[in-house]
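Report on the following structure.
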Amino acid sequence: MIFIILLIIMAVLLLAAAVYSIVHRDLLFAVMGTGIVSVVLSLFFYLLQAPDVALTEAAIGIALTTIIFIITIRNTTRDEDEIIDKENEKL
Amino acid sequence: MTIILTIVFTLMAIGLILSMFRFVKGPRSGDRAMALDTFSIIITAAMVLLAHVFERYIYVDVALIYAVLGFVGVIVIARYIEGAL
Amino acid sequence: MKNVFIIILLVVIGYFLANTFADIPFGENRIGDIESSETVAGYYLSNTVEKSKVANVITAIVVNYRGLDTLGEVTVLFLASTGLASILYRRKEEEEDVERLNLPSSRIMRTGVRVLFPSIVLLGIYVFIHGHLTPGGGFQGGTIVATGFLLMLISYKGFNTNHNRMVWIESLAGLSFVGIGIWGLLSGNTFLENSTNVGVLNSLISGGLIPIIYIVVGFKVAVELTGILDILLKIKPKK
């Protein structure tokens with residue numbers, strides 16, 4: 001009984017982090033939301049008795065995905081709608 | 001034994017919900033980075049406890065990897081916020 | 001107006017997907033009888049421990065029963081790394097003094113990274129050497145070693161990796177994977193056949209050629225990912 005309640009709470013947290021990562025405008029916070037989704041997903045794989053898949057998701061999701069997206073953000077903009085805002089100011 | 005496990009898992013769930021609340025609300029980027037780190041550490045502790053509940057002690061390897069690599073992720077984010085990357 | 005149309009399309013697709021997923025009986029045994037040896041899953045589960053003497057069934061499936069697919073994955077990784085390096089790599093004489101980091105790191109971080117770097121590399125080597133006994137394997141261990149090198153790359157300005165040596169290690173690793181397969185062909189069996197003496201269950205030297213293949217794959221993945229990260233960190237936008 002207590003396991004079912006904990007699983008529901010983890011699923012709600014996963015959904016909240018994923019929605020936050022899509023909707024928000026600042027791209028660095030979206031990358032952190034992706035990190036939280038990866039952590040919760042690894043716990044789900046662990047609960048379904050698959051430690052090999054959980055270890056693969058842990059090794060990739062926290063360090064490597066974050067660094068590649070941060071290099072992309074550094075070379076382009078950090079704010080998502082920067083160009084649209086500049087054109088709206090000109091009008 | 002079951003009562004102790006229920007209390008421990010309830011406290012962990014409260015910790016996760018509070019840390020998620022700080023991640024959504026926090027006005028600056030430092031708050032969100034700390035929330036990510038706290039989340040990762042609580043999940044590591046939950047994995048070690050679940051290895052004892054399932055009685056397969058070979059699952060502790062997953063928690064070992066997580067404890068080391070969570071640190072590297074937060075260091076990368078902090079280096080970018082500082083402006084040095 | 002466009003948002004309303006998008007939401008209606010998503011609701012229709014979601015309804016039909018939910019209908020399809022509701023027909024699957026959740027929690028029952030859907031891939032046939034696991035206990036018997038007639039189905040594929042049953043054959044893998046019941047014959048791996050006696051014939052190959054390997055404790056991790058996933059490793060035995062990835063390297064032994066489906067070894068040709070693993071060779072395809074290694075080829076895809078090699079193509080990605082070579083393509084990226086051929087476009088973006090500049091030699092030392094040609095670059096116009098591009099610095100990897102803007103600011104030096106603090107004293108706490110320099111001391112901590114110097115203590116932690118050998119431990120992370122040792123952890124990665126542990127994961128891919130014991131691939132047939134504990135969860136893990138070649139690909140996971142290679143990723144962990146590359147994360148250790150990433151930690152050094154963002155802390156010290158003067159840390160440089162030797163690209164010549166990395167190219168040699170990667171080429172030798174790829175060549176030995178194919179060489180093991182061809183040796184299987186030359187000794188009268190099929191390609192990538194596990195034909196040497198299998199040892200005792202649950203010891204380090206067991207399973208014939210399976211740990212050797214995973215060690216080779218671990219080296220290859222670690223060197224490739226370190227090269228990709230080193231090249232990508234030097235690309236800076238022009239002011």
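Numbered from 1 within each chain, the chains take letters A, B, ... in sequence-line order.
Atom CE of residue C:Met109 and atom CD1 of residue B:Ile75 lie 5.0 Å apart, to the nearest 0.5 angstrom. Between atom NZ of residue C:Lys236 and atom CG of residue B:Leu85 there is a gap of 8.0 Å, rounded to the nearest 0.5 Å. Rounding to the nearest 0.5 Å places OH of C:Tyr126 at 8.5 Å from CD1 of B:Ile65.
Environment of CZ in B:Phe21: sparse, with no more than 12 heavy atoms of neighbouring residues, nucleotides or ligands closer than 6.0 Å. Residue-environment remark: CD1 (C:Ile6) exceeds the threshold of 12 foreign heavy atoms within 6.0 Å. In the displayed structure, B:Phe9 atom CZ is contacted under 6.0 Å by more than 12 heavy atoms of other residues, nucleotides or ligands. Counting heavy-atom neighbours within 6.0 Å of C:Phe78 CZ, excluding the residue itself, gives a total of 12 or less. For C:Ile108, the CD1 atom sits in a loose shell: 12 or fewer heavy atoms of surrounding residues, nucleotides or ligands are nearer than 6.0 Å. Within a 6.0 Å radius of CD in C:Glu50, other residues, nucleotides and ligands contribute more than 12 heavy atoms. Other residues, nucleotides and ligands contribute at most 12 non-hydrogen atoms within 6.0 Å of the CZ atom of B:Arg56. Heavy atoms from other residues, nucleotides or ligands lying under 6.0 Å from CD1 of C:Ile205 number 12 at most.
Of the two parts of C:Val127, only the side chain, counted from C-beta on, holds a non-hydrogen atom closer than 4.5 Å to a non-hydrogen atom of chain B. Contacts between C:Ile144 and chain B at a heavy-atom distance below 4.5 Å involve the side chain alone, from C-beta outward. Neither the backbone nor the side chain of B:Val62 has a heavy atom closer than 4.5 Å to any heavy atom of chain C. With a threshold of 4.5 angstrom between heavy atoms, C:Ser105 approaches chain B through its backbone and through its side chain. Only the side chain of B:Phe71 comes within less than 4.5 Å of a heavy atom in chain C; its backbone stays farther off.
Across every non-hydrogen atom of C:Leu101 and B:Arg79, the tightest pair is CD1-NH2, 3.9 Å. Across all non-hydrogen atoms, the minimal contact from B:Gly83 to C:Asn102 is O-ND2, 3.2 Å. Taking every heavy atom of both residues into account, C:Leu133 and B:Ile58 meet most closely at O-CD1, 3.8 Å.
Most heavy-atom pairs under 4.5 Å with chain B: of the set C:Leu233, C:Thr134, C:Val113, this distinction falls to C:Thr134.
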